Peer 1: 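This is the structure I want to talk about, given as C-alpha cells.
Just so it is clear, the structure is predicted and the values come from calculations on it, not from any experiment.
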Amino acid sequence: MSWQILGGRVLSDRGIKIDDVSIVDGKITSRSDINAQIFNASGHLVLPGIVDVHGDAFERQIQPRPGVEFELDLALFETDRQLISNGITTAFHGLTISWEPGLRSLENGRKFFETLRQIRRRLLCDNRLHIRWETYAIEALDELLEWLKCEEQAIFAFNDHTTSMAIGGKQRENLTQWASRSGLSPEGYLERLNSVFSRREEVEKSINRAASAALQQGAVLFAHDEASPADRIKFRGLGAVASEFPTTSDTARVAREAGEHTILGAPNVVRGGSHTGAVNAGEAVAEGLCSVLASDYYYPSQLLAVFKLVSGGNIDFVDAWNLISKNSAEAAGLSDRGELLPGKRADIIIVNDDYPASPQVVAVFVEGHLVLNRGNRHAERPGLDTASSF
C-alpha cells in the first residue's frame, strides 16, 4: 500500500519544515504514487517512530499485583496497544532472567519467549527481545544463548543486581518487595539470595562465555548499571557497545568520549530525577552524557521527556527526538529506521503538540501500515477531500 502524508511539520536532520512524506512498499521514498492513499497531517508534527531499547512495563500487564497474574498472550496484546498509542514503533522488551522464582524466573521467561514468537505477527509494534541476564543466573545461560539463535538482532544485557542486593545495604528497605515478586517469604528469599551469592567466584567466567557466544549469535551487547569507568572499560572489551543506566557521571563520560551510546530512563527526565538517586537524566542530556532515552518502566515517558527537555531550553527538538529515534536505533544496531529518509522503514508517528506539556499521538504508521488513527483524517481514495480536522 502507498501513502502520501501531506502538509505536516516534518522532522529532518535540518529541523522542522512543512513538507510531504511518501510511502511505498513499507519504505519512505522520494517518489510519489498517484494511487497513494492520502493522510492530511496539516498542523501536526510528522516524526520518526519511537525506538525503545529498554522497556519492562509489560511486567505490570503480567503481574498487576503481587500474586495476581494474567496469561502472557493477553498481557502482550495489551502491552502492544500501549506501545502503539504512545508512538513506540519498535520495542525491545527488557525480559529479566534471574535466579529468582516467580516473575523473573527462567520458567516465566521461557513462557514469555515462546508466547512472543507465537503471536508476534499479530502485534502492531515491532516487538523484539532484550534479554537482561542476571549474571548470577548461571544455570540459565545455555538456554538464553539458544534463544538468541531464534531472535534477529536481539539485545543481550549484563545485569548484576545480586551483589547490591546481598551486600549493598538495601535489604531492609526492599526485601519485602523482592520476596513478593518471587512468591517467596522474606526469609526464604534471603536464604536463596545468600546461597546464590556464595557462588560469586563462578560469575566472571560465565560473563566471558556469555559475551563471546552472544556475539556469535548476532546479538547486540549492553552492560547495565555500570558503576565506574573501570566497569565500562571491562564490558567494552567484551563487546558491549552501550552503557545502559550507568550509575555515575564519570562512567557515562567514559562511554561518550569513546563514541558509545549511554542509555538512561525517560521517566527520570519526566519526574525531574532518578527515583533511586542515580544520575539525573535531564542534566546528563544537557551535559552530553546521555545519547538515548528508554521508556524503562513507563511507556508514555519517551514522548513526554522530549517535550520537557525542549521546553527547558537546553536542547533543540531535532537533537531531543534523536534520543528516542535515530540514536536509539543506532544503539540497537538497526540501521533501517529512526529517520525520515528515503529507503528507511516507514515507521512514522503524527503528533498533536498544541499542548506541549501533554503531546498526543494521533496516528501511527508501522512499516507503511496505518495502525492507529485517532482522528480519521485520511482519505480512503486519491482525490478525496483531506481538509477535515481533529
Side-chain angles (χ1 to χ4, degrees), residues 45 47-65 70 72-96 103-104 112 115-116 119-120 122-130 132 155 157 222 224 244-245 263-272 274-276 281-282 290 292-309 320-325 327-329 331-332 334 337-338 347-353 355-366 371-374:
L45 289 166
L47 305 167
I50 297 171
V51 178
D52 185 14
V53 298
H54 173 118
D56 59 25
F58 68 85
E59 290 185 339
R60 288 199 294 277
Q61 275 71 259
I62 299 172
Q63 191 181 92
R65 292 182 177 179
F70 285 85
L72 283 170
D73 56 346
L74 299 178
L76 279 168
F77 282 123
E78 174 57 26
T79 295
D80 188 62
R81 285 189 285 267
Q82 292 186 24
L83 292 166
I84 290 296
S85 67
N86 286 293
I88 299 171
T89 54
T90 302
F92 284 86
H93 297 298
L95 180 65
T96 299
L103 181 64
R104 295 184 170 181
F112 183 96
T115 302
L116 178 59
I119 70 171
R120 183 178 265 140
R122 298 171 60 193
L123 301 175
L124 302 176
C125 176
D126 184 4
N127 286 255
R128 291 172 172 254
L129 195 60
H130 173 152
R132 302 175 61 198
I155 294 172
F222 288 0
H224 186 82
E244 186 182 39
F245 298 85
I263 302 159
L264 294 175
N268 184 317
V269 173
V270 177
R271 299 180 68 253
S274 168
H275 71 287
T276 63
C290 171
V292 174
L293 289 173
S295 77
D296 198 5
Y297 55 87
Y298 189 59
Y299 292 133
S301 63
Q302 288 175 287
L303 178 66
L304 296 173
V306 165
F307 284 86
K308 183 167 183 176
L309 287 168
W321 198 261
N322 284 344
L323 296 169
I324 62 172
S325 59
N327 296 356
S328 45
L334 300 175
R337 66 197 74 190
D347 292 345
I348 301 171
I349 67 174
I350 316 298
V351 174
N352 181 340
D353 64 335
Y355 302 96
S358 55
Q360 183 186 28
V361 176
V362 294
V364 177
F365 292 83
V366 176
V371 299
L372 176 71
N373 184 11
R374 287 193 169 114

Peer 1: If only atom types and distance count, is the side chain of Gln302 paired as donor or acceptor with the main-chain N or O of Ala266 below 3.5 Å?
Peer 2: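 Not confirmed, Gln302 side chain does not pair with Ala266 backbone.
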Peer 1: Just do the side-chain hydrogen bond (donor to acceptor under 3.5 Å, both in side chains) check on Gln82 and Glu78 with the steps written out, would you?
Peer 2: CA-CA 6 Å; Gln82 292 186 24; Glu78 174 57 26; 3.1 Å; yes
Peer 1: What's the separation between atom CD in Glu59 and atom CZ in Arg104, rounded to the nearest 0.5 Å?
Peer 2: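 The CD atom of Glu59 sits 4.5 Å away from the CZ atom of Arg104.
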Peer 1: Which atom pair, heavy atoms only, marks the closest approach of Arg337 to Thr90?
Peer 2: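 Residues Arg337 and Thr90, closest heavy atoms: NH1-OG1, 2.9 Å.
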Peer 1: Answer whether the closest heavy-atom distance between the side chains of Leu323 and Val292 falls below 4.5 Å.
Peer 2: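 No, every pair of side-chain atoms sits at 4.5 Å or beyond.
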Peer 1: Identify the two heavy atoms, one from Val306 and one from Ala320, that lie closest to each other, and give their separation to 0.1 Å.
Peer 2: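 Residues Val306 and Ala320, closest heavy atoms: CG2-O, 3.5 Å.
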Peer 1: Using the rule given for side-chain contact (heavy atoms from CB on, under 4.5 Å), can you reason through Asn268 versus Asp296, listing the C-alpha separation, both sets of side-chain angles and the distance that settles it, and then say yes or no?
Peer 2: CA-CA 9 Å; Asn268 184 317; Asp296 198 5; over 6 Å; no
Peer 1: Answer yes or no: is there a donor N or O on one side and an acceptor on the other, between the side chain of Ser328 and the main chain of Val51, under 3.5 Å?
Peer 2: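 Indeed, once roles are kept as given, a pair shorter than 3.5 Å links the two residues.
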Peer 1: Quick check: does any side chain N or O of Asn86 sit under 3.5 Å from a backbone N or O of Tyr299, one acting as donor and the other as acceptor?
Peer 2: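 Not confirmed, Asn86 side chain does not pair with Tyr299 backbone.
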Peer 1: Quick one, Arg81 with Gln61, criterion side-chain contact (heavy atoms from CB on, under 4.5 Å). Give me CA distance, side-chain angles, the key distance, then yes/no.
Peer 2: CA-CA 11 Å; Arg81 285 189 285 267; Gln61 275 71 259; over 6 Å; no
Peer 1: Restricting to side chain to side chain contact (heavy atoms under 4.5 Å, CB included), what partner residues turn up for Thr115, sequence neighbours left out?
Peer 2: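 For Thr115, the residues satisfying side chain to side chain contact (heavy atoms under 4.5 Å, CB included) (neighbours in sequence not counted) are Leu72, Asp73, Leu76, Ile119.
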Peer 1: Just how far is it from atom CG of Leu303 to atom CD of Gln360, taken to the nearest 0.5 Å?
Peer 2: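 Leu303 atom CG to Gln360 atom CD measures 10.0 Å (nearest 0.5 Å).
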Peer 1: Going by ring pair (Phe, Tyr, Trp, His ring centres under 6.0 Å), name the residues that satisfy it together with Phe245, two or more places apart in sequence or in a different chain.
Peer 2: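 Residues passing ring pair (Phe, Tyr, Trp, His ring centres under 6.0 Å) with Phe245: His54, His224.
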Peer 1: Take Arg374 and Val361, measure what side-chain contact (heavy atoms from CB on, under 4.5 Å) needs, and give me the verdict at the end.
Peer 2: CA-CA 8 Å; Arg374 287 193 169 114; Val361 176; 4.0 Å; yes
Peer 1: Test side-chain contact (heavy atoms from CB on, under 4.5 Å) on His130 and Phe222 and set out the steps.
Peer 2: CA-CA 9 Å; His130 173 152; Phe222 288 0; 3.9 Å; yes
Peer 1: Under the ring pair (Phe, Tyr, Trp, His ring centres under 6.0 Å) test, which residues partner Phe92, sequence neighbours left out?
Peer 2: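 Phe92 satisfies ring pair (Phe, Tyr, Trp, His ring centres under 6.0 Å) with no residue once adjacent residues are dropped.
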Peer 1: For atom OH of Tyr298, decide whether the heavy atoms of other residues, nucleotides or ligands shown that lie under 6.0 angstrom number more than 12.
Peer 2: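 No.
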Peer 1: Checking Asp80 side chain against Leu124 main chain: does a donor-acceptor pair fall under 3.5 Å?
Peer 2: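 Yes, the answer is positive, given that a donor and an acceptor are paired below the 3.5 Å cut-off.
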Peer 1: Can you tell me which residue among Val364, Ile348, Leu83, Asp52 is in a side-chain contact (heavy atoms from CB on, under 4.5 Å) with Thr89?
Peer 2: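 Of all the options given, the one that passes is Val364.
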Peer 1: Indicate yes or no: at least one non-hydrogen side-chain atom of Thr79 is less than 4.5 angstrom from one of Phe77.
Peer 2: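 Contact flag for Thr79/Phe77 side chains = no.
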Peer 1: Would you mind reporting whether Ile349 and Leu372 have side-chain heavy atoms less than 4.5 Å apart?
Peer 2: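 Leu372 vs Ile349: side chains apart.
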Peer 1: Starting at CZ of Phe307, measure out to CH2 of Trp321 and round the result to the nearest 0.5 Å.
Peer 2: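 Separation between the atoms: 6.0 Å.
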